[in-house]
Amino acid sequence: MSDQNRAPSSFQVVRAIAQREFNIGLRSKLIKLLFLASTLPPLVLTIILIVRTIAKQSTGFDLGWDPMLWFLRFQTLPIALLALRLGTPSVARDRAEEVLFLYATRPVHPWHYALGKMLAVAIPAAALLLFPGILIGIFRLGITADYTTAQALVLIAKLFVASLVLAWCFAGVSVGPSAAVRRTRWAFLIALGCYLLPDALSDILSLNNQIALGPADGIRLLLEHLFNGGRHAVLYTMANAGVLAAWGSLGMLAAALRVRQEMIP
């Protein structure tokens, strides 16, 4: 069988769906603004590190405060908004336009479709958290010299873990609600509810305040335990990472099940 007649692989199908969805998102001015906004926390952190280094060299006074966790917390805000803007229209738009049946005429399975939609959100979200953090680590190693090589490598490893888990969660909490409705505004409201309501319920029930129930607290606690350490930090990091990964997987499952119902030629 020639290459031209050979059916595309699963990887090619998923990549095509993700690339198409991401290209559609890039047409939005709001998404471009959110990409730009995601560069502000790294710039502010760089300025803080330079000022802190200059103050230490000139006066010998060390603030004794590491702004890395502060940077990560603020960096997740524009990334979360970007994920919502990319993900909440993705499936809802296809359902509203009634084009899902077109995928059934091609070698596309429901999980191909759901994973492609998820990756269109998760890849830029992970990149916007990981790459600025890597540059900050290199900057702190080579310019401000307040990191050793080992510290910089540990930072990059932690950022890699955090970026994967957070990006998967962001994708699921935006794509999953999009599969439930046909209007983006409703998908956005459902996604906000998924972010906020479980943690509000956890506070009302006074559940374990070191392990989150929903994405908002899960993101905060994962970053705190991963970068601040403390007692049982590894256990709490793994638990909160599991919570966030579960939210992401539920979102993909919801999208795949909805598409299976409607992907009928």
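Numbering of residues begins at 1 and proceeds along the displayed sequence.
- Between the Ser178 side chain and the Ala92 main chain, a donor and an acceptor come within less than 3.5 Å of each other.
- Put simply, NE2 on His112 and CD1 on Ile17 are 8.0 Å apart, with the number rounded to the nearest 0.5 Å.
- Minimum interatomic distance between Pro177 and Ala187 (heavy atoms only, all atoms of both residues): CB-O, 3.5 Å.
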Residues 33-45, side-chain donor-acceptor partners within the protein, below 3.5 Å, at least two apart:
residue, atom, partner, partner atom, Å
Ser38, OG, Phe35, O, 2.5
Thr39, OG1, Leu36, O, 2.5

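- Taking CD1 from Ile219 and CZ from Arg73, the interatomic distance works out to 12.5 Å, rounded to the nearest 0.5 Å.
- Nearest approach of Gln75 to Pro132, heavy atoms of both residues: NE2-CG, 3.9 Å.
- The shortest non-hydrogen separation linking Ala216 to Leu196 is CB-CD2, 4.4 Å.
- One distance of note links OH of Tyr195 with CD1 of Ile190; it measures 14.0 Å at 0.5 Å rounding.
- Of all the heavy atoms in Ala171 and Val121, the pair that sits closest is CA-CG1, 3.7 Å.
- No continuous path of ILVMFWY side-chain contacts below 4.5 Å connects Leu135 to Val161, so the two sit in separate hydrophobic clusters.
- No donor-acceptor pair closer than 3.5 Å links the side chain of Asn228 to the backbone N or O of Leu223.
- Residues His232 and Gln210 have side chains not in contact (no heavy-atom distance under 4.5 Å, counting atoms from C-beta outward).
- With hydrophobic clusters built from ILVMFWY side chains whose heavy atoms lie under 4.5 angstrom apart, Val259 does not share a cluster with Ile24.
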For a side-chain contact (heavy atoms from CB on, under 4.5 Å) check, start with the C-alpha distance between Asn240 and Leu244, then their side-chain angles and the critical distance, and finish with the verdict.
CA-CA 6 Å; Asn240 286 293; Leu244 297 178; 5.6 Å; no
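- Within the 4.5 Å cutoff, no side-chain heavy atoms of Leu81 are placed close to those of Leu77.
- The pair Arg93-Glu97 fails the salt-bridge criterion, with no side-chain N (NZ, NE, NH1 or NH2) lying under 4.0 Å from an Asp/Glu carboxylate O.
- Under the 30°/60° scheme for interplanar angles, the aromatic rings of Tyr113 and Tyr103 are found to stand perpendicular.
- Crowding of Arg220 atom CZ: a count of heavy atoms from other residues, nucleotides or ligands under 6.0 Å exceeding 12.
- For the pair Trp247 (side chain) and Leu213 (backbone), a donor-acceptor distance under 3.5 Å is present.
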Apply side-chain contact (heavy atoms from CB on, under 4.5 Å) to Ile136 and Leu159, showing your working.
CA-CA 11 Å; Ile136 293 296; Leu159 284 170; over 6 Å; no
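- Under the salt bridge (charged side-chain N to carboxylate O under 4.0 Å, His left out) criterion, the residue pairs touching residues 107-124 are Glu21-Lys117, Asp94-Lys117, with sequence neighbours excluded.
- When every heavy atom of Gly87 is checked against every heavy atom of Ser90, the shortest pair comes out as O-OG, 2.6 Å.
- A heavy-atom distance below 4.5 Å is not found between the side chains of Pro78 and Leu82.
- In terms of hydrophobic clustering, with Ile, Leu, Val, Met, Phe, Trp and Tyr side chains grouped at heavy-atom distances under 4.5 Å, Leu197 and Leu201 are assigned to different clusters.
- Distance check: Leu69 CG to Glu224 CD gives 6.0 Å after rounding to the nearest 0.5 Å.
- Criterion: ILVMFWY side-chain heavy atoms under 4.5 Å apart, direct or through other members. Under it, Met238 and Val154 are not part of a common hydrophobic cluster.
- Once rounded to the nearest 0.5 Å, the distance linking CD1 of Ile211 with NE2 of His225 reads 8.0 Å.
- Between Gly214 and Pro198, the closest heavy-atom pair is CA-CB, 3.6 Å.
- Hydrophobic clustering of Ile, Leu, Val, Met, Phe, Trp and Tyr side chains at less than 4.5 Å, counting indirect connections, unites Phe131 with Tyr147.
- Under the side-chain hydrogen bond (donor to acceptor under 3.5 Å, both in side chains) criterion, Asp199 pairs with no residue at all, not counting sequence neighbours.
- Between the CD1 atom in Ile156 and the CD atom in Gln151 there is a gap of 12.0 Å [rounded to 0.5 Å].
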